[in-house]
Amino acid sequence: MDQRRSVSDLFNPLRPESNRNPPLYPSLIPKTLISLPKRGQNPSGAQKPPAMETTVSYQRFPKVRIREMKDEYCKFELRETDASMANALRRVMIAEVPTVAIDLVEIEVNSSVLNDEFIAHRLGLIPLTSDNAMRMRFSRDCDSCDGDGQCEFCSVEFHLNVCCDSDQTLDVTSADLRSAEASVIPVDLAVKALAMESSSTSYEAAEQRGIIIVKLRRGQELRLRAIARKGIGKDHAKWSPAATVTFMYEPDIHINEDLMETLSLDEKRAWIESSPTKVFDLDPNTGQVVVVDPEAYTYDDEVIKKAEAMGKPGLVEINAKEDSFIFTVESTGAIKASQLVLNAIDVLRQKLDAVRLQDAEENDFSELKAHLG
Amino acid sequence: MNAPDRYERFVVPEGTKKVSYERDTKIVNAASFTIEREDHTIGNILRMQLHRDPNVLFAGYKLPHPLQYKILVRIHTTSQSSPSQAYRQGIEDLDKELQYLKKAFEEEKIRYEEKQRLSY
Ligand SMILES: [Zn+2]
């Protein structure tokens, strides 16, 4: 108590002084650890936004270009940011964007060949349409149901009741799951329904029979109740909305034309062939080596080694652009691939918001304590 | 039986702060931040953002152990700034960048869809 009062009394006079102190041991700062911003702080483009704050800002203004976008697939370029941001987005898409998946299974009857746990696990892995997941609550912090996680805000109930009474083996599939909520159903059924609607496209999807859970023979039965909950891939991979998320650095390829012209046509061909992927080709008219697909380059260094082996070091120079990335996002279908990217941005912002310093007082407090010894 | 609680990895235990701050006792304008229940995702973007601040002399983070769900961020600044000021600024800039990125992605998505529609 006593100490606290004296601290708050001293609070104002001491605080500015602590900031005025010069660094005590500047020579102890290892030079190699001093990090300086690499690129100009001014973002390049002209239509740059806000002059909103009085304080300086080191914010970046990333650019996006979508190359290809389907419901479950998206390929886009991300520029004018760094690898840490690209990687954070990738990590969040895989492990922290929420979806809904079956998490609790109550088996009433199971006379199938698979044991209860096995079936519960298989049910969990069925992707469910999760467009509402961002708005749902996690069962663990849902206050509408006291922690048991079975209310409309945090869960969706499923029922399954299948019995085989013929001599033919019966497949129990995702199509046998009856959902209590129309917006949360197995992804394959949603895709099928969509394909039936617009009968023109992909009738392959309409032919699908659903994801097989177990097979039953005559007399066997499976009856259960399942609760689907909101979750994230970090908890269990069944909640991950991402099938694959990758990014690559865009390569910057420079051919030394003068040196290249010292090569014979056969040498050029041999050099082109040394690349395991088709990055270069020979222009049939001019006989020049041209870059046909820079992104096919896998940073394998084979063409560089080949050039050296041919006695032509420096024939080609290949660098990874440090601020340009090509993303490939594939979704499980739980949410659209483009939505996955947008949700990842939201989730990352929420995470940043959670790690904000709560109050200045706290920090000044500990700074003060240090002063008082 | 002795399996750790499933959400031990995401939920900050009661009585523990999400972010705690500890001033360096020997060096002025140096401090460590302990961030509970976060990993490389936050650690690395924060570190790289701090590197863009010319007043930051050193910024680094570590994940001490994969089973301790926390990261340590260490910041050393010039006398023109302070670790908590740099930290605040870093978070603020990252947040604004993401806000900008979201708008950019949404606009690009609309543009792309429009282009697809016209090509049919
Ligand atoms: Zn609930």
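Per chain, numbering begins at 1; letters A, B, ... match sequence-line order. Please read all numbers here as calculations on a predicted model, not as lab measurements.
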- Do A:Val64 and B:Leu101 have side-chain heavy atoms sitting under 4.5 Å apart? yes
- Query: Under 6.0 Å from the NZ atom of A:Lys336, do we count more than 12 heavy atoms belonging to anything else shown?
  - Reply: no
- Query: Can you say whether B:Gln99 sits under 4.5 Å from chain A via the side chain, the backbone, both, or neither, judging by heavy atoms?
  - Reply: both
- Item | Minimal non-hydrogen separation, B:Val19 against A:Arg356, with atom names | CG2-O, 4.2 Å
- Task: Pick one of side chain, backbone, both or neither for B:Lys18, based on which atoms fall under 4.5 Å of a heavy atom in chain A.
- Result: side chain
- To the nearest 0.5 Å, how far apart are CG in A:Leu352 and NZ in B:Lys96? 13.0 Å
- Measure B:Val11 against the heavy atoms of chain A and call it side chain, backbone, both or neither at under 4.5 Å. side chain
- Message: Only pairs of heavy atoms separated by less than 4.5 Å count here; which of A:Asp235, A:Leu348, A:Val92 has the most with chain B?
- Response: A:Asp235
- Going by heavy atoms in the side chains, are B:Phe33 and A:Val355 under 4.5 Å from each other? no
- Side chain, backbone, both or neither: which part of B:Ile35 has an atom under 4.5 Å from a heavy atom of chain A? side chain
- Message: Between A:Asp82 and B:Arg52, does any side-chain N to carboxylate O distance fall below 4.0 Å?
- Response: no
- Message: Is any side-chain heavy atom of A:Tyr58 closer than 4.5 Å to one of B:Leu50?
- Response: no
- Task: Take A:Arg91 and B:Asp39, measure what side-chain contact (heavy atoms from CB on, under 4.5 Å) needs, and give me the verdict at the end.
- Result: CA-CA 10 Å; A:Arg91 285 173 63 94; B:Asp39 58 15; 3.2 Å; yes
- Message: Please evaluate residues A:Ser84 and B:Asn44 with respect to the criterion side chain to side chain donor-acceptor pair (under 3.5 Å), reporting the C-alpha separation (whole Å), side-chain torsions for both, the decisive distance (0.1 Å), and the verdict.
- Response: CA-CA 6 Å; A:Ser84 73; B:Asn44 199 36; 4.9 Å; no
- Dump the intermediate steps for ring pair (Phe, Tyr, Trp, His ring centres under 6.0 Å) on A:Phe76 and B:Tyr112, then the final yes or no. CA-CA 11 Å; A:Phe76 65 95; B:Tyr112 179 86; over 10 Å; no
- Non-hydrogen atoms of chain A under 4.5 Å away: do they reach the side chain of B:Glu113, the backbone, both or neither? side chain
- Query: Is the backbone of B:Leu98 close enough, under 3.5 Å, to the side chain of A:Arg349 for a donor and an acceptor to pair up by distance?
  - Reply: no
- Message: Do B:Phe105 and A:Ser338 make a side-chain contact, defined as non-hydrogen atoms from C-beta onward lying under 4.5 Å apart?
- Response: yes
- Between B:Glu108 and A:Lys63, is there a donor-acceptor pair closer than 3.5 Å when you use the side chain of the first and the backbone of the second? no
